[in-house]
Structure formats: C-alpha cells, structure tokens
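Quick notes on the structure that follows.
Basis for what follows: all heavy atoms, side chains included, without hydrogens, waters or symmetry-related copies.
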Amino acid sequence: MSDLIFIKGLALEVVIGVYESERHAAQPLILDVELAFDCQRAGHSDALADTLDYAEVVGRLRQWTAQTRHALLETLLEEMATLILAEFPTRHVRLKLHKPLAAAALGCQDVGVEILRTA
C-alpha cells in the first residue's frame with residue numbers, strides 16, 4: 001500500500017526546550033504528518049467513516065501537545081508517534097517537527113527532527 005493521508009504545516013504551541021528561557025512559555029512548532037492508510041474503501045464509498053479523519057488527528061495532537069513538557073523534540077516526536085499508532089488505524093507514521101524560533105536564533109531557514117515509526 002502506498003496511500004498516504006497527510007497534514008502539513010500544523011501550527012502548535014508547545015513548552016519545549018533545553019534552555020531555561022524555553023521552559024516557561026509555549027513556543028511555536030510546525031508539524032508535518034504522514035499516515036499510511038488504505039484509501040480505496042473511502043474512495044469507493046465516499047463516506048467519512050471509511051477513512052482516517054485528519055480533523056480528528058489534528059484535534060488529538062493539539063489536545064495532547066498542550067499538556068506536554070519536554071526538553072527534546074526527539075522525545076516529543078517519539079511520544080506523539082506512539083499516540084498516533086495506538087489511537088488511529090495507520091501502519092506507519094512519519095512526523096517532521098520544525099522549530100522556527102530556534103532556526104531564527106541560529107540564522108538558518110529551518111531546524112527540526114523527522115522520524116518514521118511503524119506499527
């Protein structure tokens with residue numbers, strides 16, 4: 001199966017960072033998500049119940065990240081991948097997390113972490 005459902009550029013506000021200055025207020029992160037899902041049934045039925053509802057994924061990720069506090073993007077992504085694989089019908093998830101304030105501080109276009117996890 002090569003079907004993917006994707007979410008690109010999801011804006012999240014998260015308390016994350018290794019520096020003390022980052023640990024007191026949420027900062028913007030940008031998330032890209034790819035979910036392996038067989039879209040064939042939904043393509044034939046035209047029914048939301050037959051697909052992986054990306055609005056549900058977005059809502060769950062926003063709710064969950066609002067409660068997290070981590071030092072590393074890697075930790076946040078590992079836990080996020082575990083949550084997605086446990087709660088949604090996908091065989092693999094690819095997550096790419098961008099940290100724009102860190103990129104600006106370093107004078108570069110983008111920094112972040114990308115992982116791929118399989119059920």
Output for pair (Ile16 CD1, Thr65 OG1), nearest 0.5 Å, gives 10.0 Å

Is the backbone of Gly17 close enough, under 3.5 Å, to the side chain of Arg23 for a donor and an acceptor to pair up by distance? yes

Practice task
Might you confirm whether atom CD of Gln67 has over 12 heavy atoms from other residues, nucleotides or ligands at distances under 6.0 Å?
Solution key: yes

* **Salt-bridge criterion met for Arg62 and Glu13 (N-O under 4.0 Å)** => no

Tell me whether Ile5 is reachable from Leu31 by hopping between hydrophobic residues (I, L, V, M, F, W, Y) whose side-chain heavy atoms are closer than 4.5 Å. yes

Side-chain contact, heavy-atom cut-off 4.5 Å: Glu56 with Arg60? no

Test side-chain contact (heavy atoms from CB on, under 4.5 Å), reference Leu35, set Leu4, Asp3, Val57, output is Val57

Cys108 and Val111 have their tightest heavy-atom pair at SG-CG1, 3.5 Å

- Are Leu52 and Thr90 side-chain neighbours, meaning at least one heavy-atom pair lies under 4.5 Å? yes

Review point. Do His92 and Glu34 meet the criterion of a side-chain donor-acceptor pair at a distance under 3.5 Å?
Key: no

Distance col, row His98:NE2 vs Leu29:CG, nearest 0.5 angstrom, shows 10.0 Å

NE2 (His44) and SG (Cys39) are apart, to the nearest 0.5 Å, by 11.0 Å

Do the side chain of Glu22 and the main chain of Val18 share a donor and acceptor less than 3.5 angstrom apart? yes

In this structure, CG of Leu83 is separated from CG of Leu61 (nearest 0.5 Å) by 6.5 Å

CG of Leu77 to CD of Glu114, rounded to nearest 0.5 Å, is 9.5 Å

Rounding to 0.5 Å, atoms CG (Leu10) and NZ (Lys96) come to a distance of 15.0 Å

Paired with Arg117, the side-chain contact (heavy atoms from CB on, under 4.5 Å) test is passed by just one of Arg94, Glu78, Met80, namely Glu78

Heavy-atom nearest pair, Pro100 first then Pro28, reads CD-O, 3.4 Å

- Query: Would you find more than 12 non-hydrogen atoms of other residues, nucleotides or ligands less than 6.0 Å from Phe88 atom CZ?
  - Reply: yes

Do Val93 and Leu85 have side chains that approach each other closer than 4.5 Å (heavy atoms only, starting at C-beta)? yes

Residues passing the side chain to side chain contact (heavy atoms under 4.5 Å, CB included) test with Arg41, sequence neighbours excluded, are Asp50

Determine whether Trp64 and Val15 fall in the same hydrophobic cluster, where Ile, Leu, Val, Met, Phe, Trp and Tyr are linked whenever their side-chain heavy atoms lie under 4.5 Å apart. no

For Asp32 and Lys8 the tightest heavy-atom approach is OD1-CA, 3.4 Å

Query raised in the report: Step by step, would you call Glu20 with His24 a side-chain hydrogen bond (donor to acceptor under 3.5 Å, both in side chains)?
Result: CA-CA 7 Å; Glu20 185 63 27; His24 300 288; 2.7 Å; yes

side-chain contact (heavy atoms from CB on, under 4.5 Å) with Leu97: of Ile30, Val33, Leu76, only one passes, and it is Leu76

